[in-house]
There are 2 protein chains.
Amino acid sequence: MTVSITDVAEATGVSASTVSRALRGRPGVSEEMRVRIVAAAAELGYTASRSASSLAGGRTYTIGVVVPYVGRWFFGTVLDAAEKVFSAAGYDVLLYNLGSPEARKRFFTKLPIRKRVDAVLSLLIPDPEEAAALRSLDVPLATTVGGARPGFMVVGIDDRGGAESAVRHLVNLGHRRIGMISGASEPLHWTTPIDRRQGYLDVLADAGIEHDPALEADGGYTVEGGERAMTELLALRHPPTAVFAQSDEMAMGALRALRRHRLRVPEDVSVVGFDDHELSEVVGLTTVAQPVAAQGQEAARLLLAQLDDPDAGPPHPVEMPIRFILRETTAPPNPRRQR
Amino acid sequence: MTVSITDVAEATGVSASTVSRALRGRPGVSEEMRVRIVAAAAELGYTASRSASSLAGGRTYTIGVVVPYVGRWFFGTVLDAAEKVFSAAGYDVLLYNLGSPEARKRFFTKLPIRKRVDAVLSLLIPDPEEAAALRSLDVPLATTVGGARPGFMVVGIDDRGGAESAVRHLVNLGHRRIGMISGASEPLHWTTPIDRRQGYLDVLADAGIEHDPALEADGGYTVEGGERAMTELLALRHPPTAVFAQSDEMAMGALRALRRHRLRVPEDVSVVGFDDHELSEVVGLTTVAQPVAAQGQEAARLLLAQLDDPDAGPPHPVEMPIRFILRETTAPPNPRRQR
DNA sequence: AATCTGAACGCAAACGCTTGCGCAACCGGG
DNA sequence: CCCGGTTGCGCAAGCGTTTGCGTTCAGATT
């Protein structure tokens, strides 16, 4: 039916062992024989069965990537970049989309990934039990989101510093009532919302602005969440004159809420986001840019390096650069709306 | 080391064959024995090695998904939805991200997918050779993008009709100089740009508007492409008073270009898109909505159905409903800017 | 009581590869 | 000319399942 290693062996007049060694560049085969075998394999259109070779050899040449929600821009972009690195290195990518709690539970209890992958890139933060389950796979682990666990290599950004630069910008413009839209209520165990909030608090304290808990609104890291949160803030007796949204998607939701309330941005309210979503430039959103694709790339590289040389100790956490991007959704507070 | 089927067998005092049959619900095992085995397996945390079972059984319980660019909203969303269906049915997803020509070529010549998947969902249109390569895998094939090949099941939308409703809307508003932003220069072999263009032409003809080729601008299905194309149109001696962008991303690029030119939307220029991107509501873009996630779901279901019953003939192409969504980027032409 | 019939289960042969080990043949050095 | 050391290759034993077929045994049929 389909051409197997013995077909190549017979065609060349050698044993299957030799074919195996030749095709994978292992020693013990003369150069002359190697070229003959490679030629024959190409001729027959032979590709080794991954199932068979991973069963026999242990290596699967497959990387598992675990994602909370592929459709979301951030994860899609990271995945895209990581996949390119993996496939260029000859690895396949097994994708697990663990958005729903059921899917997540199913995954971590059945662990279908077991014995199927050589490494795992997790774009979600596993809780301690889940992290333990992943470690039990006994393969290199990496993540690109804040809140890594022991045993995970991590590449990320300075969330706190980023938040600081965003909020400081608002303070410098003269804002005093600065709201924050967060998503802390969403998936647990990740430190991003916490770090970004800390940056917000730090700058307020530094500027001598008293922190008003009413100015913090949660909504989940989505457009809808941002819209809900902004709506809450607008319902306040003294609404903020500026808001820091912990993600661009939430910032866009905030923009929508503001438009619904017939408020102008930035004349009436300033908005600053975080992430530099691909469409942020379109809406002119001031934000803090992080290199999303680069993080996926880097994480993938770390994993591959670890696979190449398992003895090398785990690398230090990698911190990628961020930068503040001034666009058009921020301005000094409008005196007529000041309290 | 890791628990295998024989461990379960010994723990239960039966043979490995019986364990295999019991766990997969095959006949030949008493109900009583089955529950004992299932219990033991759960206790030991046993999961069958996919490599071994696919080697022995032929089935891989894996679906290959081929995507041009995971990071793009449309594909990410389709993938997300499809993955959920697959994983709920016990299938894993192998992802191939074929954005670059090199990746694409590598994939189709080496065909690493061979013997690794039970079915393939392609979100890109293979050229005839590539399609033949996929057919040679001898597994069910499906796609969600226009321009399917023989041997592929297809779920899609009425691109032409959608374009018609978008352009008709502009005509009804009173526009006569209606531009179109297209991406025909991008990946070949897919009929979407062609169909949408045809819808555009149909409506113009129907309304007795002479078609001016200068009003068609190409730019690739991206924000940047849309921006470039819009910029071109604005450089015309008689720029259009309204434009139909073949995708929302291009429409957003157009919006950006218009903002850069200090033109107001919709007062100066009307814009209508296609797709209903998740952020289109945020920018208030009038567009034609297509059920993106639902298409991924449906395609996945078709594949699973085909796997369950290989003898069932291939289903008819599925056409999903679309609907026009009126938002805020369209209005009657501004008399002061009429030519 | 002898025979037949299923149901329930075990045996062993694949599935297609990898890899430790063994065995020639050949090399140059003493 | 003998011998230790390479080099190049084949043998065969796995890797963990699935599955066709054979066996056993209890109960039904004559």
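Residue numbers start from 1 in every chain, and the chains themselves are labelled A, B, ... in the order their sequence lines are given, proteins ahead of strands.
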The bend of the helix from C:dA1-D:dT30 to C:dC26-D:dG5, taken between the axes of its five terminal pairs at each end and rounded to 10°, is 60°
Under 3.5 Å, is there a donor on one side chain and an acceptor on the other for B:S20 and B:S17?
no
Is any side-chain heavy atom of B:L123 less than 4.5 Å from a side-chain heavy atom of B:P68?
yes
Sequence-distant partners of A:R34, side-chain contact (heavy atoms from CB on, under 4.5 Å), two or more places apart:
A:A22, A:V29, A:E31, A:V38
Hey, do the aromatic rings of A:Y69 and A:F75 have their centres closer than 6.0 Å?
no
Thinking salt bridges, do B:D80 and A:R72 make one under a 4.0 Å N-O criterion?
no
Is A:L141 close to A:M153 at the side-chain level, that is, under 4.5 Å between some pair of heavy atoms?
no
Measure the distance from CZ on A:R24 to P on C:dC17 and round it to the nearest whole Å.
11 Å
Sub-4.5 Å side-chain heavy-atom contact between B:L137 and B:L111:
yes
Rounded to whole angstroms, how far apart are CD on B:E10 and P on C:dG10?
12 Å
Do B:S54 and A:S51 pair up side chain to side chain, a donor and an acceptor below 3.5 Å, judged on atom types alone?
yes
DNA chain D-proximal residues of residues 35-58 of chain A, any heavy atom under 4.0 Å:
A:L55, A:A56
Are B:D127 and B:R149 ion-paired here, with the side-chain N under 4.0 Å from a carboxylate O?
no
Between A:D92 and A:T62, do the side chains contain a donor N or O and an acceptor N or O under 3.5 Å apart?
no
Pair A:F107, A:Y96 - check ring-ring contact (aromatic ring centres under 6.0 Å, His included), show working.
CA-CA 8 Å; A:F107 177 83; A:Y96 295 89; 4.9 Å; yes
Listed in order of residue number, which residues of residues 12-23 of chain A have a non-hydrogen atom at under 4.0 Å from DNA chain D?
A:G13, A:V14, A:S15, A:S17, A:T18, A:R21
Does A:F152 reach the side chain of A:L134, with side-chain heavy atoms less than 4.5 Å apart?
yes
What are the atom names and distances for every N/O pair under 3.5 Å that joins the protein to nucleotides 4-8 of chain C?
none

Could you check whether any side-chain N or O of B:T12 sits under 3.5 Å from a backbone N or O of B:V14, counting only pairs where one atom can act as donor and the other as acceptor?
no
Could you tell me whether the side chain of A:L121 reaches within less than 4.5 Å of the side chain of A:T143, counting heavy atoms only?
no
So where does chain B start and stop touching DNA chain D, 5' to 3', when the test is distance under 4.0 Å to a non-hydrogen atom?
D:dG16 to D:dG20
Could you walk me through whether A:R301 and A:E298 pass salt bridge (charged side-chain N to carboxylate O under 4.0 Å, His left out), step by step?
CA-CA 5 Å; A:R301 283 210 200 96; A:E298 188 57 27; 3.2 Å; yes
